[in-house]
Each structure stands twice: as structure tokens, then as C-alpha cells.
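The structure under discussion appears below in the form of C-alpha cells.
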There are 4 protein chains.
Amino acid sequence: MKDKQSERDLRGVRVNKVGVKGLCFPIVVRDLAHKTQNTVATVAMLVDLPHHFKGTHMSRFVEVLNEHGRVIHVENIPNILHEMRRRLAAEYAHLQIEFPYFVEKKAPVTRATGMMNYTATFLASTVNDDMDFVLGISVPITTLCPCSKAISARGAHNQRGLVNLQVRSNTTIWIEELIRIVEQSSSSELYSLLKREDEKHVTEHAYDHPVFVEDLVRNVAVRLRQDRRVLWYRIEAENFESIHNHSAYAMVESPPDFKHRRNARKKPDRTPDDGAAG
Amino acid sequence: MKDKQSERDLRGVRVNKVGVKGLCFPIVVRDLAHKTQNTVATVAMLVDLPHHFKGTHMSRFVEVLNEHGRVIHVENIPNILHEMRRRLAAEYAHLQIEFPYFVEKKAPVTRATGMMNYTATFLASTVNDDMDFVLGISVPITTLCPCSKAISARGAHNQRGLVNLQVRSNTTIWIEELIRIVEQSSSSELYSLLKREDEKHVTEHAYDHPVFVEDLVRNVAVRLRQDRRVLWYRIEAENFESIHNHSAYAMVESPPDFKHRRNARKKPDRTPDDGAAG
Amino acid sequence: MKDKQSERDLRGVRVNKVGVKGLCFPIVVRDLAHKTQNTVATVAMLVDLPHHFKGTHMSRFVEVLNEHGRVIHVENIPNILHEMRRRLAAEYAHLQIEFPYFVEKKAPVTRATGMMNYTATFLASTVNDDMDFVLGISVPITTLCPCSKAISARGAHNQRGLVNLQVRSNTTIWIEELIRIVEQSSSSELYSLLKREDEKHVTEHAYDHPVFVEDLVRNVAVRLRQDRRVLWYRIEAENFESIHNHSAYAMVESPPDFKHRRNARKKPDRTPDDGAAG
Amino acid sequence: MKDKQSERDLRGVRVNKVGVKGLCFPIVVRDLAHKTQNTVATVAMLVDLPHHFKGTHMSRFVEVLNEHGRVIHVENIPNILHEMRRRLAAEYAHLQIEFPYFVEKKAPVTRATGMMNYTATFLASTVNDDMDFVLGISVPITTLCPCSKAISARGAHNQRGLVNLQVRSNTTIWIEELIRIVEQSSSSELYSLLKREDEKHVTEHAYDHPVFVEDLVRNVAVRLRQDRRVLWYRIEAENFESIHNHSAYAMVESPPDFKHRRNARKKPDRTPDDGAAG
């Protein structure tokens with residue numbers, strides 16, 4: 001039976017990335033509270049293709065995923081990437097896993113418990129044996145407009161917003177830690193279950209903590225700068241404006257020399273204040 | 001060349017609806033202010049298929065649409081439906097056209113002008129020569145929570161919501177008229193352009209007009225009941241809650257005997273109060 | 001603390017449906033092969049609201065869901081509906097649960113195993129103590145065009161299609177059973193993992209079993225008519241045409257007197273042939 | 001009235017991008033055939049925000065867009081960017097415009113005419129007075145699998161795919177030109193209207209021109225390398241596999257030194273063959 005994919009290609013074009021995308025797969029991830037949680041992932045698996053091969057072998061991506069089993073966490077992702085490179089004779093391998101992630105949360109006054117859902121992403125790639133790992137999390141929050149509050153005799157427009165945060169770090173950071181950083185940077189965190197006393201608390205707390213979309217990304221940036229594990233960050237925020245039919249958007253990325261300064265800080269002769277100055 | 005579609009089918013199953021869907025097409029629609037506006041429609045065209053035919057002829061739907069030209073309004077839709085039935089030898093024909101619809105709107109204080117976008121839908125179907133026509137419009141609005149306002153010392157959570165309204169009427173109703181009815185039923189209408197003075201006005205107006213999602217659909221229902229052109233309505237509202245990661249939803253449909261009462265009201269011996277009782 | 005929702009409403013408008021929508025929640029469902037599977041649901045919970053109440057109590061929906069626990073199956077849904085009606089003092093309750101559903105599937109020749117994903121839906125509502133339950137399943141399949149095959153010297157255009165099937169039945173039908181019915185009605189079923197031998201088989205099988213979108217819905221209808229458990233069905237198919245940028249669509253619903261004929265068939269004096277005649 | 005946005009910020013964080021997103025706006029663009037076409041755009045407008053300002057002024061983005069008028073083409077985009085920088089006191093300005101774009105297309109045999117729709121994107125940004133302009137186009141096409149054809153006794157699986165192409169150039173390239181390049185690189189282009197003779201032609205043409213997703217991006221790359229106007233390209237292709245429920249994906253980007261080689265070629269002492277070698 002012919003193997004078209006292995007035929008020689010003469011166009012002289014290396015394909016940067018090739019593979020499967022939109023694969024739906026049940027997985028188990030580790031969480032801070034319960035050790036593991038079951039969820040459903042959307043997976044992309046990509047490798048490079050040297051210019052002299054006609055095609056990659058798509059079925060092998062799925063085989064690698066199947067053989068790995070359903071438990072996926074940062075520690076065993078290098079194995080998947082290694083297998084992808086080996087089975088597909090590739091230099092470069094990339095794995096992208098996106099999944100709903102649940103955290104049990106207590107309402108602020110009544111302590112009534114509900115499940116909050118977030119979207120988490122693992123972006124892992126490797127060239128040779130160095131793995132680049134980016135942890136991503138999308139956190140819905142409330143934003144209350146400082147301008148609207150300042151100029152209005154009563155009330156202030158507020159809305160649901162969404163923060164997409166991506167982080168590279170020098171050691172494990174839990175998804176829950178990133179969620180906390182984002183929620184603390186907003187006017188209010190969201191809940192699936194709020195009784196009347198909680199709703200009063202949440203309303204007043206948001207009114208007392210107004211943030212522009214610019215404040216939101218900056219508040220997150222300041223917190224990440226203070227966390228010595230973080231080597232790189234990208235923070236996007238989008239407000240689904242309650243008074244407009246479009247969004248307000250802001251993005252902050254760590255400065256180009258951030259990782260360098262970060263590593264410099266580890267030296268004992270630097271003072272902690274230094275870090276706070278960003 | 002074989003005509004598979006015209007072959008005899010023996011399964012004895014009439015197909016209720018068959019045709020094309022997701023056709024993207026530039027159209028011109030009439031509006032109240034400028035007479036016409038250019039927009040882009042997503043079109044579905046469906047007919048029934050008697051049990052004895054194997055298939056319909058999909059290309060003829062597109063031919064009917066092309067031959068009709070780009071100007072589409074309520075008055076010429078019967079021609080399209082008639083052509084669909086003729087060319088496809090069908091009893092039933094259905095046309096669905098969805099498009100962004102723009103209204104120039106002035107900010108409430110500065111009168112600064114901006115374009116607001118809505119989504120409009122024409123749903124037309126015919127059996128023999130009676131056309132059933134439903135006009136649909138999706139209107140984004142602000143809702144401010146009456147409970148949050150009542151129980152909180154300051155502020156009130158609010159958010160963008162979306163109202164989907166569908167109406168059957170005994171004479172033409174303009175899209176702009178339905179938009180006004182929905183916007184007046186909400187805490188505040190939306191704008192694409194608001195200066196600071198406008199933002200103050202909008203914030204305070206929303207605070208002074210709190211509505212639950214239930215109030216919103218009821219306010220629209222009360223207004224539609226008072227409009228003697230309306231024979232049937234369905235009102236859905238969804239609030240993208242600023243304090244939750246889920247939506248609040250409400251739906252009201254006109255009572256089963258609504259059209260009948262409506263027609264009865266046209267008689268001079270009925271009092272207007274009667275209508276208010278709904 | 002004020003209870004705005006319980007205030008008296010004077011507009012005289014009963015709200016047909018009100019509640020929460022888009023709630024994301026981890027659930028456990030029963031399957032034919034492994035007894036249970038973990039997945040993630042999107043949930044809507046709705047009740048009616050009598051004309052004299054201003055609002056429903058949104059937090060109680062989430063409480064009912066939380067208290068129920070994560071295992072959801074047809075047998076325990078009446079409890080959820082009953083609790084919704086009790087806690088919200090409603091006559092009508094409606095629960096809608098949509099979730100990815102996984103089936104382990106073997107490739108047709110090599111028997112290599114992969115996970116196939118589908119989307120399942122439970123639609124349950126109750127007025128008083130009668131529950132109406134609709135089981136829905138979305139099944140992606142291949143369709144190969146009979147016309148293209150008949151007129152072309154070689155090849156035939158084919159594409160991914162999607163069948164949305166909804167069924168009411170007089171006893172439990174497994175999700176897997178509905179999936180099989182749809183897959184057997186198509187040109188070919190889909191797989192997540194196919195080796196070269198399998199791809200040859202699938203290609204030839206699809207070429208040998210061409211179906212129009214009309215054939216697909218009719219094939220499913222014929223199979224459902226022969227299944228005595230089925231009391232009502234609605235079958236929609238959409239082909240994402242490989243030669244067009246729009247879809248071909250067909251829909252068949254069971255005839256109005258279908259349930260009646262169905263029940264009549266249970267009597268011993270009816271012959272099986274009767275059923276085949278539809 | 002307070003101007004919160006102009007307050008001094010002390011966090012020391014420069015915001016890379018801030019502005020409005022998801023603005024829906026009717027526009028007029030120039031096309032090759034009819035000079036202009038009316039369509040509907042989704043717009044994002046972003047600037048940078050120095051670390052010492054608390055916020056940007058969101059309403060000014062919409063004012064700039066409104067004042068510009070509806071006709072948008074490559075030549076007048078620098079004016080919009082200039083106004084954004086001036087009105088918002090920014091160094092950097094970014095404009096993103098995405099819109100459906102229509103091309104009238106004749107069927108290959110009968111010459112029947114239909115409208116084909118594509119999605120075009122203008123990505124323009126400026127720092128000081130240099131504008132960076134990227135033209136993007138999404139082109140749906142047919143791909144027929146070379147492996148499936150080679151190993152099967154009859155037929156070959158094929159499907160709709162989508163190519164996203166982005167190009168930087170040293171002079172104007174028409175949207176229609178990029179569309180042609182992509183369509184010629186595929187198994188077959190798509191049509192909105194095909195009669196039976198056309199369907200036979202399209203089916204056989206696709207069967208005679210099988211392409212993997214890797215072939216598709218390479219074919220486009222080879223054509224772009226031969227076009228001396230092109231300074232940079234990024235080509236993504238996704239096949240909505242007819243035999244799987246996931247996609248096959250490939251991406252090629254121009255090599256890092258591509259622009260340099262490109263400019264070198266303009267010198268008269270280089271031979272044209274050089275270009276073909278890539």
C-alpha cells in the first residue's frame with residue numbers, strides 16, 4: 001500500500017507546523033484542592049515537517065495521545081512531546097490543551113458553596129530537549145467604571161469582563177494561584193451562587209473598587225512582578241461594556257528584559273524593594 | 001447526464017424542509033431614515049419534498065436568489081417564495097434572512113452621533129398563497145438589577161443584556177419601531193459614542209430605571225399589547241450577569257387567544273381599557 | 001433586607017419561562033459500555049412565573065443543582081424538576097443539559113481504538129407530575145453525493161455533515177443506540193484514529209454508500225419507525241458542502257399521528273408489516 | 001466634571017495596547033471588478049498608553065472612525081492611524097478591520113454566475129510615521145486527500161478547508177489576486193452556484209488535483225515566492241476532515257531572511273531563476 005506522505009517533496013518549502021487540531025478528549029488534571037478533576041479538553045498537536053517530505057502522518061498524533069492515557073499535567077507533558085518528535089521524526093513538537101477548569105467557591109457572606117468555571121490552557125513546545133511551557137487561564141470578573149462612578153450622582157456602570165493571562169515561570173504555579181491574582185485585581189470576582197446578603201456585599205465591594213480595563217491589566221502586572229517565579233507574562237482584558245455594543249480592551253506584556261531582571265533578582269545582594277519597583 | 005434527484009423514492013418519507021443554509025449574500029434593505037441601507041445577509045431557503053422524489057435541486061435556490069436582485073423588503077419576499085415553489089415544484093417554501101442593521105443614534109446630552117448595530121431577521125413562509133411573515137430583531141440593552149439596588153448601600157450591579165423579539169403584524173412595522181419599544185423597556189439603551197456628560201446621564205438613568213430580566217420582557221409585552229398592529233409576539237431576554245458567569249433568561253409569548261382578541265378590538269364597540277387588561 | 005422579587009406585579013403578564021442559562025457544571029452520566037463517564041455540561045433551568053410576582057429567585061436554581069450532586073441520568077431528572085417547582089413555587093419546570101459524550105470506537109480494519117466525541121442533550125420538562133423527556137444527540141458523519149458520483153467519470157464530492165436527532169420514547173433508549181442509527185444511515189461514520197488500511201476501507205465504503213442530505217434524514221426516519229420504543233422524532237441534517245461555501249440542509253419530523261399509530265401497534269392484532277409502511 | 005482617565009498613574013506599568021474592539025460598522029471597500037463594494041466591518045482600534053496616565057479616552061476612537069467616513073482603503077488608513085495617535089497622544093496606533101468580501105464568480109462549464117464570499121482583514125499599525133500593513137484573506141477551498149486516492153480502489157475523501165493568508169508587500173496587491181493564488185493551490189475552488197455539468201467538472205478536477213494540507217500551504221508559498229511584491233507571508237490551512245471529527249492543520253511562514261532576499265532580487269544583476277529556487 002502506497003505511502004504518499006513519505007514521498008520526496010521538491011518544492012523546497014519547510015512546513016513550520018503541521019498536525020491535528022480540534023481533537024476533543026476527556027482528561028484528568030491535577031488541582032490544588034482535590035488533587036484531580038475530570039474535564040474535557042480540546043487538543044492541538046503539531047510538529048514541523050522538513051522540506052523533503054511530502055506529508056506528516058496524522059494518525060500518529062492520535063496514537064501518541066491515546067497511548068499516553070488521560071491524566072495530563074505539567075510533569076508528564078515532556079513525554080508526550082518526546083513521543084511526538086520520535087514517532088513523527090520531527091525536530092519541533094507543540095501541544096496545546098484547552099479545558100474548562102472548576103473551582104469550588106464560597107459566597108462572601110453566607111459561605112454558600114458553588115462551582116465556578118474557568119478556561120485553562122497548556123501551551124507546550126520543544127525543540128531538542130528544552131521545553132517551553134506557557135500556562136494560560138481565562139478568568140471572568142466584574143469591572144466597575146471609575147469614570148462613571150466619579151461623574152455620576154448615583155450608580156456606576158459595570159459589566160462582566162474577561163481576563164486572559166499567560167505566564168512562563170521557573171517553577172510550578174497552580175492554576176488557582178493565577179485565578180486569585182486576576183480576581184483580586186478586578187472590581188469583584190464572580191460566583192455561581194449568591195444569596196441576598198452576598199449580593200449586597202458584592203455590589204458594594206465592586207462600587208468601592210472601580211477599575212478601568214487599563215487598571216485591571218496593570219493590577220495583574222504589579223502582582224506578577226512581585227512573584228519571583230514568573231519569567232514572562234501577557235495579560236489581556238476585555239470588558240463587555242454595559243453601555244456600548246462593543247468591548248473595551250487592554251493588553252500588557254512583560255518588558256523585553258523582564259526575565260533577565262528576574263534572574264538577576266535571585267542574587268542575595270539585591271533588596272526585595274527592588275522587585276516592587278518593577 | 002443522470003438526474004439522481006428526480007428518481008423515484010420508495011421509502012415513503014416526506015421531507016418537511018430541505019434546501020440551502022448559511023448562504024452569505026450582500027443585500028439592500030429599506031430603513032425609516034435613509035430609505036435604503038447596504039448590509040450583508042445570511043440566508044436559508046427551504047422547501048418541502050414529497051415522499052416520491054429522491055432529492056431537491058439545490059442549485060435552483062441560489063438561482064432564484066440571484067435572479068431576484070439585491071433589494072429585499074417585505075413587499076417583494078412573496079415573489080421569492082413563489083419562485084421557490086414554482087422552480088422546485090414544492091407546496092411549502094421558507095425564506096430566512098438575517099443581517100446586521102444600523103441606526104444612526106445621537107448621544108443623550110451632547111447629541112454626538114454614532115452608528116448602533118442590531119441584528120434583524122425576516123422569517124417568511126408560504127403554503128399555497130398565504131404568506132406567514134415574522135419580523136425579528138435582536139436589541140442589546142443595559143439592565144440594572146432592582147434587587148441589588150434595593151439592598152445595597154451604594155451602587156447596583158448592571159450588565160449588557162440582549163432581547164430577541166419576534167412579531168407578526170397585520171400591517172408593516174418598521175424595524176426601528178421594534179428597537180424603540182425594546183430600548184424604552186430597558187434600564188438604558190446602548191450607544192456607540194458617549195462623551196462624559198452622556199455617560200453621567202446614562203449611568204444615572206439606568207440607576208433610576210432598574211429592571212429584572214422578567215421586567216424587561218413584561219415591559220416589552222405591555223407595549224406590544226397596546227399596539228393594534230401586533231398579532232403575535234415572542235420576547236426573549238438574556239442578561240450576561242456581571243456578578244455571575246452564567247445568564248439570567250426570561251421569555252414571554254403572546255397568549256394563545258391573543259390574535260383573536262386583537263381582531264375583536266378593531267370593532268368600535270370595544271373600549272380601550274379592554275386592551276390594557278391584556 | 002428587601003425581597004424585590006416577591007413584590008406584587010401589576011402588569012398582568014405571566015412569564016412563560018424564566019431562570020438561568022449557560023451554567024457550566026461537571027457531571028457524571030451513565031453510558032452503555034462503562035456504566036459512567038465524566039463530562040462537562042452546559043445547563044439551563046427554567047420555570048414559569050405567575051403574573052402577580054415581580055421576579056423569580058435565581059439563586060435557588062443553582063442551589064437545586066448543587067444539592068442534587070453530579071450524577072445525572074434520566075431516572076433522577078424528575079427529582080430535579082420536582083425540587084425546582086417546589087423551591088420556586090412554579091407549575092412548570094424545564095431542565096436542559098448539553099454535554100460532550102465519548103464513545104470508544106475501533107477502526108474498521110486494524111481495530112485500532114480511538115475516542116469519538118458527540119454532543120448529547122437532555123431536554124426535560126414537567127407540568128404537574130408528567131415529565132416530558134426528549135433525548136438529543138448530534139452525530140458527525142460523512143456524506144458522499146449520489147449526483148456527483150453518478151455524473152462524474154471519477155471521484156465524488158463528499159464532506160463532513162452533522163445530524164441532530166431528537167427522540168421521545170416510551171422506555172429508555174441509550175445514547176449509543178441513537179448514534180448507531182445515525183451512523184448506519186450515512187455514507188460513513190467518523191473515527192478519531194484510522195490507519196492506512198482503515199482509510200482505504202472508509203473511502204471505498206463511503207463511495208459505495210452515497211447519500212443526499214435528504215437520504216440521510218430519511219434513512220434515520222425509516223430506522224426510527226421500525227423501533228417500537230420511539231414515540232416522536234425530529235431529524236435534522238446539515239452538510240458542510242465541500243464544493244460550496246454554504247450548507248445543504250434537510251429536516252424530517254414524525255407525522256402528527258405517529259405516536260397514536262405507535263401505540264396502536266402495540267396491540268397484538270396488528271401485523272409487523274404495518275410498521276414498515278410507515 | 002472629573003477626568004479620571006487623565007489622572008497620574010503610579011504603578012509604573014506601560015499598557016502596550018488599549019482601545020475598543022468588536023465595533024460593528026458599515027464600510028465601503030474598493031474591489032478590482034466594480035471599484036467599490038458595500039460591506040460590514042468588525043473593527044478594533046488600539047493605541048499604547050504611557051505608564052503615567054491612568055486611562056485612555058475610549059470615545060475618541062469612535063469619533064475618529066465616524067469622522068473618517070465609510071470608505072476605507074489602504075491609501076487612507078494612514079490618516080486614521082495618524083488621527084488616533086494625535087487625538088489620544090499615543091506613539092503607537094493599531095487598526096484592525098475584518099469584513100465579508102464578495103466576488104462574482106462564473107461556474108466552470110455553464111458560466112452561471114454566483115456570488116462567492118470570503119473574509120478579508122486589514123491589519124495596520126504605525127509607530128511614528130512608518131505604517132506596517134498586513135493584508136489578510138480567508139479562502140474556503142476543497143481538498144482531496146492524495147493518500148486516500150492512492151490507496152483506494154475508487155473514490156477519495158475530500159472536504160471543505162479554509163486557508164488564512166496574511167501578506168506584507170512593497171506595493172498594492174488586490175484581495176482578488178490573493179484569492180486566486182489560494183484557489184489555484186487547492187484541489188478545487190468553491191462556487192455558490194453549480195449546475196450538473198459544473199458539478200461533474202468540479203468533481204473530476206478535484207480528483208485530478210489531490211492535495212494534503214501540507215501541499216496546500218506549500219503551493220501557496222511557491223506562488224508567493226514568485227511574486228516580487230511580497231515581502232512577508234504567513235499561510236495557515238485547516239481541513240475540516242470528512243472522515244474525522246477533528247481538523248488537519250498546516251502553517252508556513254516566510255523564512256526570516258525572506259524580505260532581505262526579496263529586496264536583493266530587485267537588483268538587475270539577479271536572474272529570475274533565482275526566485276524560483278525560493
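Hydrogens, waters and symmetry mates are skipped; everything else that's a heavy atom, side chains included, is used. Chain letters run A, B, ... following the sequence lines, proteins first and then strands; every chain starts at 1.
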Taking all heavy atoms of [X] and all of [Y], pick out the closest pair and write down the distance.
{"X": "D/Y92", "Y": "D/K17", "answer": "OH-CE, 3.4 Å"}
{"X": "A/V15", "Y": "D/A250", "answer": "CG1-CB, 4.2 Å"}
{"X": "D/Q159", "Y": "D/S242", "answer": "OE1-N, 3.0 Å"}

Go through [options] and name the one with the most non-hydrogen pairs under 4.5 angstrom from chain D.
{"options": "A/V213, A/N245, A/D3, A/N219", "result": "A/N219"}
{"options": "A/A237, A/P146, A/P210", "result": "A/P146"}
{"options": "A/H244, A/K54, A/E253", "result": "A/K54"}
{"options": "A/N239, A/V217, A/L49", "result": "A/L49"}
{"options": "A/A44, A/G22, A/G19", "result": "A/G19"}

Is chain D contacted by the side chain of [X], its backbone, both, or neither, given a heavy-atom distance below 4.5 Å?
{"X": "A/A221", "value": "side chain"}
{"X": "A/D9", "value": "side chain"}
{"X": "A/V43", "value": "neither"}
{"X": "A/I235", "value": "neither"}
{"X": "A/T42", "value": "neither"}
{"X": "A/V20", "value": "both"}
{"X": "A/E7", "value": "neither"}
{"X": "A/D215", "value": "both"}
{"X": "A/F61", "value": "neither"}

- Message: Whether D/K149 engages the ring of D/Y207 as a cation-pi pair (distance to the six-membered ring centre under 6.0 angstrom, angle to the ring normal within 45°) should be assessed.
- Response: yes
Value rounded to 0.5 Å, distance of [atom1] in [X] from [atom2] in [Y]:
{"X": "A/R234", "Y": "A/Q166", "atom1": "CZ", "atom2": "CD", "answer": "6.5 Å"}
{"X": "D/T143", "Y": "D/F212", "atom1": "OG1", "atom2": "CZ", "answer": "10.5 Å"}
{"X": "D/H94", "Y": "D/N16", "atom1": "NE2", "atom2": "CG", "answer": "12.5 Å"}

- Should the pair D/R180-D/E183 be classified as a salt bridge under the 4.0 Å nitrogen-to-oxygen rule?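 Answer for the salt bridge query: yes.
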- Message: Any carboxylate oxygen within less than 4.0 angstrom of a Lys/Arg side-chain nitrogen, looking at A/E67 and A/R87?
- Response: yes
- Counting only heavy atoms closer than 4.5 Å, note whether D/E238 contacts chain A via side chain, backbone, both or neither. side chain
- Whether A/N164 side chain and A/E236 backbone form a donor-acceptor pair below 3.5 Å: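 Flag not set: sc A/N164 to bb A/E236 has no pair under 3.5 Å.
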- Item | Sub-4.5 Å side-chain heavy-atom contact between A/V134 and A/V167 | no
- Message: Among D/M1, D/R14, D/K21, which residue has the highest count of heavy-atom pairs closer than 4.5 Å to chain A?
- Response: D/K21
- If you count heavy-atom pairs under 4.5 Å between each of D/R218, D/M58, D/E214 and chain A, which one has the most?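 Most pairs with chain A among the choices: D/R218.
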